[in-house]
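First up is the structure itself, then whatever we jot down about it.
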Amino acid sequence: MSSRPISSANRPAASGSHRLLILLAVAILARVATFGNPVVHVDEEFYFFTGHAMWQGAWPFVDVWDRKPIGLFLLYAVPAAFGFPAGIWAYQAMALASVVATGWLIARMAERLGWGAGATAAGIAYILWLSLLGGQGGQAPVFYNLLVMSAAWAILESDRRGGRSLGLATMALVGLVLQIKYSAVFEGMVFGLWLLGGEWRRSRSPVALILYGAALVMVSLVPTALAAGVYAMIGQWDAFLYANFLSIFHRNPDPIAELAGNLGQMVLILSPIVTLAVLGLKRAERDRERTFLAVWLGAAVIGVLLFRPWFDHYGLPILLPACTAAAAMLGSAAWRRRYTPALLLTVALAGQIVLFSLRHERGEATEFAALTQAVGKGPGCLYVYSGSTMLYVATERCTLSRWIVPAHLSRAREAGATGVDQDAEITRILSQHPAVVVMRPPYNGERAEAHARMLAAMADGYRLTAKLPMGNEMISVYKSTR
């Protein structure tokens with residue numbers, strides 16, 4: 001690391017322990033509205049369900065189908081071990097700890113790069129921006145961003161010390177990240193190429209470069225290879241291969257207008273912090289570490305653009321290099337006394353508005369408890385055709401299909417992309433006469449014929465026993481009359 005003088009722009013605004021307490025306090029205040037809510041996001045509901053099902057002996061991709069890597073489900077299996085509702089608090093506490101630790105590393109890296117005066121503000125910015133991009137709960141990037149940030153720090157240390165072991169550690173972290181979300185592959189490739197560039201500068205040996213590159217690739221693939229090996233050993237290689245790597249190419253694209261809206265929203269939310277990052281990098285004296293940060297920022301942006309459909313939380317990885325680089329502006333003499341506090345307060349307020357809006361839209365713990373009671377814990381299996389998959393966990397009722405995510409059977413874009421005929425699977429489920437069926441109103445992207453078919457089935461052998469609010473929708477609960 002290049003030595004930098006301790007100027008006013010590099011002087012930390014808070015000591016290490018004080019900074020950690022500040023970040024913890026900000027994170028709690030920013031996220032407290034979500035604590036204990038089991039329906040923060042449909043993704044997290046399913047991750048928790050799968051983690052819970054694994055304790056009952058279920059295998060992801062075999063007994064519970066999805067495209068996410070098994071590492072994400074193993075992560076959620078930890079809080080799921082506490083059951084419901086304690087496990088909800090547990091995964092949200094894990095997410096809180098990950099957010100604070102990531103913010104702290106962002107501040108440390110900003111300090112390292114010579115922007116100590118804006119370091120704490122950069123960590124706070126990361127925490128606050130999460131709520132604007134769907135990171136208020138336990139989305140995958142909320143957890144793996146900590147690993148990516150650690151990998152970036154290891155790269156800087158590898159450059160400074162000139163050794164290969166830290167480079168291997170970097171790619172080992174990347175390998176763990178890939179088993180939480182495969183879309184991090186582009187950033188991982190850029191990290192590997194940067195390490196190879198450093199190796200070439202040191203050794204100028206083609207042989208050493210090739211051997212080091214091979215080692216980096218192998219290390220990064222170890223977690224995925226282990227997962228694949230386990231599934232091959234139990235005779236489920238085909239299920240693993242299709243779910244993890246092939247099915248995504250069969251998914252139908254969303255309408256262009258919807259994709260454009262998703263991307264436009266993400267750009268709008270990220271543009272202020274990315275603009276500050278670019279300005280900070282442009283005005284700062286360039287060295288190798290700051291160059292790495294600029295390359296990382298570009299890689300993060302490109303990595304997000306490569307993977308549709310650009311839901312808001314897809315932009316969360318960009319916050320790591322963006323907030324770190326933004327520290328240069330946030331801590332500058334022109335910004336830190338007036339504009340920085342105003343920006344952070346504005347983002348904090350906007351984040352709370354978003355959280356309360358989402359709570360109104362998606363529902364909260366009290367509404368979910370009423371719906372759970374309406375479904376009941378009696379005998380018989382549950383089929384959530386559309387609605388919250390957390391109901392399976394809360395009611396402890398059995399399932400009738402390995403396609404738990406409602407959209408996998410009812411959404412048009414998933415037709416032909418899940419390894420099963422959607423209508424045939426719905427027919428098979430109904431033939432087993434579920435004791436309780438849950439349906440939400442028709443939603444955007446749902447196959448109208450599937451919804452109509454379910455309503456017809458409910459008119460024959462089922463009665464509507466409850467119609468309860470969940471956010472801005474009314475959820476229907478049908479019970480068998482057989």
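Residues satisfying the salt bridge (Lys or Arg N to Asp or Glu O under 4.0 Å) test with Arg108, not counting sequence neighbours, are none. With sequence neighbours left out, Trp194 forms a ring pair (Phe, Tyr, Trp, His ring centres under 6.0 Å) with Phe292. With sequence neighbours left out, Trp153 forms a ring pair (Phe, Tyr, Trp, His ring centres under 6.0 Å) with no residue at all. In terms of the ring pair (Phe, Tyr, Trp, His ring centres under 6.0 Å) criterion, residue partners of Tyr339 (sequence neighbours excluded) are, by chain and number, Trp335. With sequence neighbours excluded, the residues that form a side-chain hydrogen bond (donor to acceptor under 3.5 Å, both in side chains) with Glu473 are Arg440.
Under a cutoff of 6.0 Å and an axis angle of 45°, Lys181 and Phe143 do not form a cation-pi pair.
Between His313 and His41, the ring-plane angle classifies as perpendicular under the 30° and 60° cut-offs.
Between the Ser98 side chain and the Met94 main chain, no donor and acceptor come within less than 3.5 Å of each other. Judged by distance alone, with hydrogens and angles left aside, the side-chain atoms of Ser150 form a donor-acceptor pair with the main-chain N or O of Leu146 at under 3.5 Å. Side-chain atoms of Thr275 come within 3.5 Å of backbone N or O of Ser271 as a donor-acceptor pair. Side-chain N or O atoms of Thr389 include none that pairs as donor or acceptor with a backbone N or O of Val405 at under 3.5 Å. Within the 3.5 Å criterion, the main-chain N or O of Pro255 finds no donor-acceptor partner in the side chain of Glu258. With hydrogens and angles disregarded, no donor-acceptor distance shorter than 3.5 Å links the side chain of Trp237 to the backbone of Val230. Put simply, the side chain of Thr340 gets close to the backbone of Leu330: a donor and an acceptor are under 3.5 Å apart. Remark: side-chain polar atoms of Arg290 are paired, donor with acceptor, to backbone N or O of Glu285 under 3.5 angstrom.
Between Arg411 and Glu414 there is no salt bridge, since no side-chain nitrogen of the basic residue lies less than 4.0 Å from a carboxylate oxygen of the acidic one.
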For this session: Evaluate side chain to side chain contact (heavy atoms under 4.5 Å, CB included) for Tyr314 paired with Leu133, printing each intermediate quantity in order.
Result: CA-CA 8 Å; Tyr314 282 28; Leu133 286 166; over 6 Å; no
Problem set entry | Check against side chain to side chain contact (heavy atoms under 4.5 Å, CB included), Leu156 and Met109 | CA-CA 9 Å; Leu156 297 187; Met109 184 172 286; 3.8 Å; yes
For this session: Begin with the C-alpha distance, continue with both residues' side-chain angles, and end with the deciding distance and a verdict on side chain to side chain donor-acceptor pair (under 3.5 Å) for Asn145 and Tyr126.
Result: CA-CA 11 Å; Asn145 272 0; Tyr126 172 76; 3.1 Å; yes
Exercise. Side chain to side chain contact (heavy atoms under 4.5 Å, CB included) between Val295 and Phe191: does it pass, once the steps are laid out?
Worked result: CA-CA 9 Å; Val295 170; Phe191 280 14; over 6 Å; no
Problem set entry | Audit row: Tyr443, Ser410, side chain to side chain contact (heavy atoms under 4.5 Å, CB included) steps and yes/no | CA-CA 10 Å; Tyr443 64 90; Ser410 63; 2.6 Å; yes
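Within 6.0 Å of CZ on Phe356 lie no more than 12 heavy atoms contributed by other residues, nucleotides or ligands. Surrounding CZ of Arg286 are more than 12 heavy atoms belonging to other residues, nucleotides or ligands, all under 6.0 Å away.
Between the side chains of Tyr47 and Asp66, no donor-acceptor pair of N or O atoms lies under 3.5 Å. Residues Glu446 and Ser386 have side chains that never bring a donor and an acceptor to within less than 3.5 angstrom of each other.
For the pair Thr324 and Met149, the minimum side-chain heavy-atom distance is below 4.5 Å. Contact of the Val190 side chain with the Trp296 side chain is not registered, since no non-hydrogen atoms from C-beta on lie closer than 4.5 Å. With contacts defined as side-chain heavy-atom distances shorter than 4.5 Å, the pair Leu176/Gln179 does not qualify. Within the 4.5 Å cutoff, no side-chain heavy atoms of Met218 are placed close to those of Val222. Side-chain atoms of Val393 and Met390, non-hydrogen and from C-beta on, do get closer than 4.5 Å to each other. Looking at Leu297 and Leu281, their side chains come closer than 4.5 Å, going by heavy atoms from C-beta outward.
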Run the side-chain donor-acceptor check on residues 76-87: report pairs under 3.5 Å with partners two or more places apart or on a different chain.
unit_1, atom_1, unit_2, atom_2, d
Tyr76, OH, Gly138, O, 2.6

Anything under 3.5 Å between a donor and an acceptor, one on a side chain of residues 303-311, the other on a protein residue two or more places apart or in another chain? List them.
unit_1, atom_1, unit_2, atom_2, d
Trp310, NE1, Val304, O, 3.2
Trp310, NE1, Leu305, O, 3.3
Trp310, NE1, Phe307, O, 3.3

Got a list of side-chain donor-acceptor pairs under 3.5 Å for residues 22-40, not counting sequence neighbours?
unit_1, atom_1, unit_2, atom_2, d
Arg31, NH1, Gly135, O, 2.9
Arg31, NH2, Gln136, O, 3.2
Arg31, NH2, Gly137, O, 2.7
Thr34, OG1, Arg31, O, 2.7
Asn37, OD1, Val39, N, 3.0
Asn37, ND2, Gly363, O, 3.3

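Results of the ring-ring contact (aromatic ring centres under 6.0 Å, His included) test with Phe240 over Trp65, Trp59, Tyr231 single out Tyr231 as the only residue that passes.
Arg336 and Ala333 get closest at one heavy-atom pair: NH1-N, 3.7 Å.
To the nearest 0.5 angstrom, Asp159 atom CG is 10.0 Å from Leu166 atom CG. How far CD1 of Ile88 is from CD of Glu44: 9.0 Å, rounded to the nearest 0.5 Å. How far CG of Leu293 is from CG of Leu320: 10.5 Å, rounded to the nearest 0.5 Å. Interatomic distance, CG of Leu147 versus OG1 of Thr102, reported as 8.5 Å (0.5 Å rounding). A distance of 12.5 Å separates OG1 of Thr50 from CG of Leu75, quoted to the nearest 0.5 Å. Interatomic distance, CG of Leu105 versus CZ of Arg112, reported as 11.5 Å (0.5 Å rounding).
Residue pairs meeting the side chain to side chain donor-acceptor pair (under 3.5 Å) criterion with at least one member in residues 243-256, sequence neighbours excluded, are Arg67-Ser247, Tyr182-Asn244, Tyr242-His250, Asp254-Arg413. Sorted by first then second residue, the ring-ring contact (aromatic ring centres under 6.0 Å, His included) pairs that include residues 198-224, not counting sequence neighbours, number zero. Note on residues 200-229: pairs passing salt bridge (charged side-chain N to carboxylate O under 4.0 Å, His left out), not counting sequence neighbours, are Glu199-Arg202. Under the salt bridge (charged side-chain N to carboxylate O under 4.0 Å, His left out) criterion, no residue pair touches residues 351-369, with sequence neighbours excluded.
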